[in-house]
> 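My structure is below; once you've seen it, I'll send some questions.
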There are 2 protein chains.
Amino acid sequence: MVQVTPSMRIGELSRRTGVSVRSLRYYEEQGLLASERSESGQRHYDAAAVERVAFIQRMFSAGLSSRTVADLLPCMDRPSHETSDAALERMAEERDRLSAYIVELLQTRDSLDELIGTNRAHRATL
Amino acid sequence: MVQVTPSMRIGELSRRTGVSVRSLRYYEEQGLLASERSESGQRHYDAAAVERVAFIQRMFSAGLSSRTVADLLPCMDRPSHETSDAALERMAEERDRLSAYIVELLQTRDSLDELIGTNRAHRATL
DNA sequence: TTTGCCCCTCACATGGATGTGAGCTTTTAG
DNA sequence: CTAAAAGCTCACATCCATGTGAGGGGCAAA
């Protein structure tokens with residue numbers, strides 16, 4: 001039988017995403033990343049998994065917890081009328097949190113720039 | 001003798017900054033925040049400490065470790081020719097890291113917006 | 001003096017993602 | 001067929017800022 005979506009095993013997914021095998025298993029444990037199991041119990045992923053892993057990483061790096069991401073993913077997989085008010089609200093909340101965080105970081109970057117500027121100026125007086 | 005800078009104790013600094021007493025002691029342990037000790041061993045801070053604590057928090061929230069902040073602070077306290085090349089480079093490095101991070105977060109926010117938009121659209125079809 | 005609050009140190013706990021290693025099975029390449 | 005490479009599970013370790021609690025001192029108001 002020909003594989004329609006040539007499945008990859010965990011090592012390959014790890015290589016393609018740059019995410020450790022350990023972490024991929026963790027994502028599964030947290031309900032973020034599904035896998036088909038072969039008879040012998042090995043995980044197999046379709047090509048879409050690469051994207052999904054990237055998404056998960058982005059969310060993590062934006063400060064969302066695995067729990068939160070788990071709540072969001074269904075809305076991504078099947079955006080439908082089933083999307084509860086709660087989930088929608090949750091997304092908006094996270095978005096706002098992220099926005100505020102970005103603003104904060106921009107200010108922090110300015111602080112750093114100023115700090116660097118001041119020090120460069122002092123160096124120039126050598 | 002009149003106190004020129006009326007010193008505050010740790011509880012007050014905590015209140016003014018919103019940072020826990022525990023954390024303030026931790027900052028000191030990490031060499032980020034100095035304090036004068038009274039005879040009985042109690043910490044006293046001058047008004048400038050409030051600003052410094054705020055700065056530390058910003059750096060932390062920008063992902064710098066206490067170690068890194070400790071390396072940066074001398075450049076803030078005494079920007080002078082003594083500012084080593086290494087320190088300056090370090091600052092620039094952190095600035096760039098932060099910049100890259102911000103860009104990433106902006107993209108992530110866009111992802112979230114799109115996700116929210118898609119779901120709202122589906123809700124509208126109810 | 002007693003009561004109450006703040007401070008001190010020490011040290012163990014927490015959370016969340018990830019690292020690491022043991023012990024064992026499956027797959028693959030020679 | 002055999003050995004290397006890759007998977008599996010389980011479970012303990014790590015990092016880092018912070019929480020928490022024990023046990024005890026300092027100091028002001030009643």
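Chain naming here is simple, since letters A, B, ... match the order of the sequence lines and numbering starts at 1 in each.
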> Hey, which of these two, B/S38 or A/R43, hits DNA chain D nearer its 5' end, going by closest nucleotide?
A/R43
> Who passes side chain to side chain contact (heavy atoms under 4.5 Å, CB included) against A/A62, sequence neighbours left out?
A/L98, B/L105, B/T108
> I need the residues from residues 24-37 of chain A with at least one non-hydrogen atom less than 4.0 Å from DNA chain D; give them sorted by number, or say none.
A/R25, A/R37
> Quick one: list whatever passes salt bridge (Lys or Arg N to Asp or Glu O under 4.0 Å) with B/D113, sequence neighbours left out.
A/R95
> Check salt bridge (Lys or Arg N to Asp or Glu O under 4.0 Å) between B/R25 and all other residues, then give those that pass, not counting sequence neighbours.
none
> Report, one pair per line, the protein and nucleotides 2-6 of chain D atoms (nitrogen or oxygen only) whose separation is under 3.5 Å.
none

> Considering non-hydrogen atoms only, spot the tightest contact between B/S65 and B/F60 and give its length.
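It is C-CE1, 4.1 Å.
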> Considering only heavy atoms of chain B and a distance under 4.0 Å, specify the first and last nucleotide of DNA chain C in 5' to 3' order that meet this criterion.
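For DNA chain C, the relevant span reads C/dC7 to C/dA11.
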> Applying side chain to side chain contact (heavy atoms under 4.5 Å, CB included), name anything that partners B/E104, two or more places apart in sequence or on another chain.
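For B/E104 the side chain to side chain contact (heavy atoms under 4.5 Å, CB included) partners, ignoring immediate neighbours, are A/S61, B/Y101.
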> Could you tell me whether the side chain of B/T17 and the main chain of B/L13 form a donor-acceptor pair under 3.5 Å?
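A pair under 3.5 Å: yes.
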> Kindly write out the residues that satisfy salt bridge (Lys or Arg N to Asp or Glu O under 4.0 Å) with A/R9, not counting sequence neighbours, or none if the list is empty.
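Testing A/R9 for salt bridge (Lys or Arg N to Asp or Glu O under 4.0 Å), a comparison that skips the adjacent residues, returns none.
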> Got a sec? Which of residues 56-67 of chain A come in under 4.0 Å of DNA chain C, heavy atoms?
A/Q57, A/F60, A/S65, A/S66
> With sequence neighbours left out, what residues match B/A70 under side chain to side chain contact (heavy atoms under 4.5 Å, CB included)?
B/L32
> Quick one: salt bridge (charged side-chain N to carboxylate O under 4.0 Å, His left out) pairs with a partner in residues 53-67 of chain A, sequence neighbours left out?
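Applying salt bridge (charged side-chain N to carboxylate O under 4.0 Å, His left out) to every pair that reaches into residues 53-67 of chain A, excluding sequence neighbours, yields A/R67-A/D71.
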> Which residues pass the salt bridge (Lys or Arg N to Asp or Glu O under 4.0 Å) test with A/R97, sequence neighbours left out?
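Only A/E94 meet the salt bridge (Lys or Arg N to Asp or Glu O under 4.0 Å) criterion with A/R97.
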